[in-house]
K.L.:
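This is the structure I want to talk about, given as structure tokens.
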Amino acid sequence: MSEPVPPCTIAPADPAVINCRIRALLGRGELTPEGRVEYGRLLVEWEAAVRAQQELAA
């Protein structure tokens, strides 16, 4: 079993890319139950990416 990669070496996700994925999901019309789950997951991912950018900028 391989060692996990330390968090400091993982590049944070780009909030703009995640935002684009959210907009594409919402652009399809009314969300299905699966779409709502994906939307919630993307929001959490987007928030973490924004927070990571703010920490890098500080």
Side-chain angles (χ1 to χ4, degrees):
M1 198 166 177
S2 64
E3 295 276 328
V5 178
C8 60
T9 62
I10 298 172
D14 185 353
V17 172
I18 300 167
N19 187 36
C20 184
R21 291 169 50 201
I22 291 170
R23 288 176 179 264
L25 181 65
L26 294 175
R28 296 179 194 155
E30 189 172 337
L31 294 177
T32 64
E34 296 83 15
R36 289 180 186 189
V37 171
E38 177 70 4
Y39 176 72
R41 189 190 63 75
L42 286 170
L43 283 179
V44 170
E45 186 179 343
W46 177 82
E47 181 183 17
V50 168
R51 191 176 302 125
Q53 272 193 345
Q54 290 172 345
E55 289 173 2
L56 286 174

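Fair warning: this is a prediction, and the values are worked out from it, not measured in the lab.
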K.L.:
Apart from L31 itself, which Ile, Leu, Val, Met, Phe, Trp or Tyr residues share its cluster (side-chain heavy atoms under 4.5 Å, direct or through members)?
P.N.:
I18, I22, L25, L26, Y39, L42, L43, W46, V50
K.L.:
Who passes side-chain hydrogen bond (donor to acceptor under 3.5 Å, both in side chains) against E34, sequence neighbours left out?
P.N.:
T32
K.L.:
Show every salt bridge (Lys or Arg N to Asp or Glu O under 4.0 Å) that has at least one partner inside residues 47-58, sequence neighbours left out.
P.N.:
E47-R51
K.L.:
Does anything in residues 19-33 pair up under salt bridge (Lys or Arg N to Asp or Glu O under 4.0 Å), and if so which pairs, sequence neighbours excluded?
P.N.:
R21-E45
K.L.:
Taking all non-hydrogen atoms of both residues into account, name the closest pair between P15 and A13 and its distance.
P.N.:
CD-O, 3.4 Å
